[in-house]
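Please read all numbers here as calculations on a predicted model, not as lab measurements. In listed order, ligands and their atoms are each counted from 1. FYI, the numbering just counts along the sequence from 1.
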Amino acid sequence: MPGKVCSSCGKLTDKYVEFKCPNCAKSDIVRCYHSRETFMHYKCSVCEFEGP
Ligand SMILES: [Zn+2]
Ligand SMILES: [Zn+2]
């Protein structure tokens, strides 16, 4: 299983949640469990929206 790169911390992870950018819905945001638990911010690669 290759996993995905977390949008918050940039690490490769196979435990993550994935969702569309709430602002533009064009990119998939990937967040590993660690980043989710520590409330790391993510940044959309398409519209540069930043969210908690
Ligand atoms: Zn992460
Ligand atoms: Zn976006």
Side-chain angles (χ1 to χ4, degrees):
M1 226 190 284
K4 295 223 172 186
V5 175
C6 174
S7 300
S8 292
C9 67
K11 287 179 185 167
L12 196 65
T13 175
D14 58 2
K15 286 181 180 167
Y16 59 87
V17 289
E18 190 171 21
F19 52 94
K20 297 284 183 193
C21 169
N23 190 51
C24 69
K26 284 176 185 168
S27 77
D28 292 314
I29 310 287
V30 177
R31 261 185 131 194
C32 72
Y33 277 59
H34 174 74
S35 293
R36 200 178 63 161
E37 283 171 7
T38 55
F39 302 102
M40 292 259 295
H41 282 208
Y42 58 82
K43 193 175 193 179
C44 172
S45 58
V46 176
C47 68
E48 304 208 326
F49 171 81
E50 285 186 63

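- Taking the Zn ion (ligand 1) as the corner point, the angle from C9 atom SG to C6 atom SG is about 110° (rounded to 10 degrees).
- Not a single N/O/S atom of Y33, whether from backbone or side chain, sits less than 2.8 Å from the Zn ion (ligand 1).
- The aromatic rings of Y42 and F49 sit tilted relative to each other, their planes meeting at an angle between 30° and 60°.
- For the residue pair N23 and C47, the shortest heavy atom distance occurs at ND2-SG, 3.3 Å.
- Take the Zn ion (ligand 2) as the corner point: the lines to SG of C44 and to SG of C21 open at 110°, to the nearest 10 degrees.
- Between the side chain of T38 and the main chain of H34, a donor-acceptor pair closer than 3.5 Å is present.
- Using a cut-off of 2.8 Å, one finds that C32 contributes an N/O/S atom close to the Zn ion (ligand 1).
- Side chains of C32 and S8 form no contact here, defined as non-hydrogen atoms less than 4.5 Å apart.
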